[in-house]
Amino acid sequence: MNNIRVRFAPSPTGPLHIGGVRTALYNYLFAKKQGGSFILRIEDTDSNRFVPGAEEYIIEAFKWLGLEFDEGVHKGGPYGPYKQSERKEIYKRYVDELLSKDLAYIAFDTPEELEKMRTEHPNAQYDASMRMQMCNSLTISKDEVEMRLQTGEPFVVRIKIEPEQEIHVKDLIRGDIKVNSSLLDDKVLYKSADQLPTYHLANIVDDHLMKISHVIRGEEWLPSAPLHVLLYRALGWEETMPQFAHLPLLLRPDGNGKLSKRDGDRLGFPVFPLEWTDPKSGEKSTGYREMGYFPDAVVNLLAFLGWNPGTEQELFSLEELVQTFSIERVSKSGAKFDLEKAKWYNHQYMLKKSPSEVAELLMPILKEKHISIDSTKLSQICDLVKDRVNFPSELWDQTFFFFQAPTSYDEKVVKKRWSAEMPNVLKTVASRIQNVQPFDAEKLEVEIKNYIETEQLNMGQVMNCLRLAMVGTAMGPHLHDIIELVGKEESVRRILKAAEEIK
RNA sequence: GGUCCGUUCGUCUAGCCGGCCUAGGACAUCAGGUUUUCAUCCUGAAGAUCAGGGGUUCGAAUCCCCUACGGACUACCA
């Protein structure tokens, strides 16, 4: 382990959004490429928004994706605790330090007073130009501050931003960003109500204490990055400040805007890695896992939403991504999620699976239908159809005829291919295949083709009618393979039945 | 409104330290081919005047400026 340390720091306010998963993935790839550490920290400084189950969900999601943390809430580590609500005392120390250094101040303004200030001065913010008109330790006497504190009056601590300073944020993806400090407001760092810091302070303190070397996070944090730089400076940590990289956002597939849960529901793709049931409303949202996406496919497709290797290779395992990833190749503009490409990725990973792995995917569906089958045979079946499906759920539609006889015959195909002599042709085929030894695709093909050719029948017509008998419609893998796997007895039965029933 | 970030085929993007770009690849689309069928697969086509306008230069998608558009942020949320 070297000194590269990155963290993924979600707040447990609900299920993990797929954009968050991508942020975590980029953090992971960045760290692992350099042999660094990947840390999970839970940012639960907003007690009002806590959602039960969210933390467990996050951990399970990464387990499914195969992204393993080196340190974190669920496995500890040398820089714990990794949950901000358990670090109250730590933050308090630094709040006091900022206060004593006069780099922050105590404010007593009520929500109503703040509201009033904002309506009276529409373009104003709580900053150097405004703070002397507000109720805080800068405007009231020391004694009064003391008295208010004694009586337990709620307060917040705000950072005291020095105006007219030029702040530089160095971003690994976007380069140097300059902002004048006058544009920043005196952000709340700490609230007495729950004795917790806000994101900004907790974030800086934790990243410093946990020796985070690189902060890789979503673009929505870019506007507050200058504030963070100022906080590092105020705490005397600017020398060891982590490097920043702000990732482009994941956008909705149609129109513009940030990807949201609603888009997923409307357009039919998941925005969450795993299924999530809202504990309050009971509303259920599907996940990639439940839709039949493979974790390595999700990792692969997410990696390519905003990054590419610069070569023409598009299929990467997690290990290959680790080797190839570089933060410099992350693009600057937002990426729209493309459902079709997502399906294609899943298909590619379906193709990579062995017949027995695909059989494992089909097994639960068969079990549900009370169908039992020899596992070697099932593997053979799956080998025949795996290149025809994107998701495990499509497997049944491609294989049902191996397990049960068709219950109806596709009228279109009947109309196109059937003729008066077909019943007799089928009967002859049925009797001919009785004697095929061994009963395999190769021998069956010879026998059937031989018959069609010597009798000078129409190959397309006979084969399609035979398929109609075996499958019920014009689809599926090579017919001889189907007949072999369905078996002699059942195949003959189906062919004779079709000869009787199709008119 | 203000601040910051962004803008190459429908989508993800390559290219961006200027000439090899008549802008490359992938997904999707369409057309052929393979196949007894459907799917896969193979081949090909169509698809971007590089957001628009000005510069700089012998030469710009690539550098600079302006405009437009999009997004994020603008909470005692993260």
Participant: If the P atom of B:rU8 is compared with that of B:rG71, how far apart are they to the nearest Å?
Facilitator: 15 Å

Participant: Measure up the A:Trp221 and A:His228 rings against each other and bin them: parallel (under 30°), tilted (30 to 60°), perpendicular (over 60°).
Facilitator: tilted

Participant: Scan A:Gly306 against the nucleic acid and name what it touches under 4.0 Å (heavy atoms): base, sugar-phosphate only, or nothing.
Facilitator: sugar-phosphate

Participant: Can you check whether any acceptor in the base of B:rU36 is under 3.5 Å from a donor in the side chain of A:His478, or vice versa?
Facilitator: yes

Participant: Touch check for A:Gly476, heavy atoms < 4.0 angstrom, all strands: base, sugar-phosphate only, or nothing?
Facilitator: base

Participant: To the nearest Å, how far apart are A:Glu340 CD and B:rU11 P?
Facilitator: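 To the nearest whole Å, that distance equals 15 Å.
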
Participant: Mind checking who B:rC30 pairs with, Watson-Crick or G-U wobble, both distances under 3.5 Å?
Facilitator: B:rG44

Participant: Could you tell me which nucleotide pairs with B:rU49 by Watson-Crick or G-U wobble geometry, both distances under 3.5 Å, or answer none if nothing does?
Facilitator: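 Its partner: none found.
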
Participant: Enumerate all atom pairs, one protein N or O and one N or O from nucleotides 74-78 of chain B, separated by less than 3.5 Å.
Facilitator:
{"from": "B:rC76", "atom 1": "OP2", "to": "A:Arg118", "atom 2": "NH2", "distance (Å)": "3.4"}
{"from": "B:rC76", "atom 1": "OP2", "to": "A:Arg158", "atom 2": "NH2", "distance (Å)": "3.3"}
{"from": "B:rC76", "atom 1": "N4", "to": "A:Asp109", "atom 2": "O", "distance (Å)": "2.5"}
{"from": "B:rC77", "atom 1": "O2'", "to": "A:Asp46", "atom 2": "OD2", "distance (Å)": "3.0"}
{"from": "B:rC77", "atom 1": "O2'", "to": "A:Arg49", "atom 2": "NE", "distance (Å)": "3.2"}
{"from": "B:rC77", "atom 1": "O2'", "to": "A:Arg49", "atom 2": "NH2", "distance (Å)": "3.2"}
{"from": "B:rC77", "atom 1": "O2", "to": "A:Arg49", "atom 2": "NH2", "distance (Å)": "3.2"}
{"from": "B:rA78", "atom 1": "OP1", "to": "A:Thr45", "atom 2": "OG1", "distance (Å)": "2.6"}
{"from": "B:rA78", "atom 1": "OP2", "to": "A:Tyr199", "atom 2": "N", "distance (Å)": "3.0"}
{"from": "B:rA78", "atom 1": "O3'", "to": "A:Glu43", "atom 2": "OE1", "distance (Å)": "3.3"}
{"from": "B:rA78", "atom 1": "O2'", "to": "A:Ser11", "atom 2": "OG", "distance (Å)": "3.2"}

Participant: Send over the distance from A:Lys343 NZ to B:rU29 C1', rounded to a whole Å.
Facilitator: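 Between C1' of B:rU29 and NZ of A:Lys343: 14 Å.
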
Participant: For B:rU62, which nucleotide is its Watson-Crick or G-U wobble mate, given both distances must be under 3.5 Å?
Facilitator: none

Participant: Touch check for A:Pro477, heavy atoms < 4.0 angstrom, all strands: base, sugar-phosphate only, or nothing?
Facilitator: base

Participant: What does A:Ile177 touch in the nucleic acid at a heavy-atom separation under 4.0 angstrom: a base, only the sugar-phosphate, or nothing?
Facilitator: sugar-phosphate

Participant: With the side chain counted from C-beta on, respond yes when A:Arg41 and A:Asn203 share a heavy-atom pair under 4.5 Å apart, and no when they do not.
Facilitator: yes

Participant: Can you sort out which residues in residues 444-456 of chain A have a heavy atom within less than 4.0 Å of RNA chain B? Ascending by number, please.
Facilitator: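 Listed by number, there are none.
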
Participant: Classify A:His246 by what it touches in the nucleic acid, base, sugar-phosphate, or nothing, heavy-atom distance under 4.0 Å.
Facilitator: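 If one applies the 4.0 Å heavy-atom cut-off, A:His246 turns out to touch nothing in the nucleic acid.
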
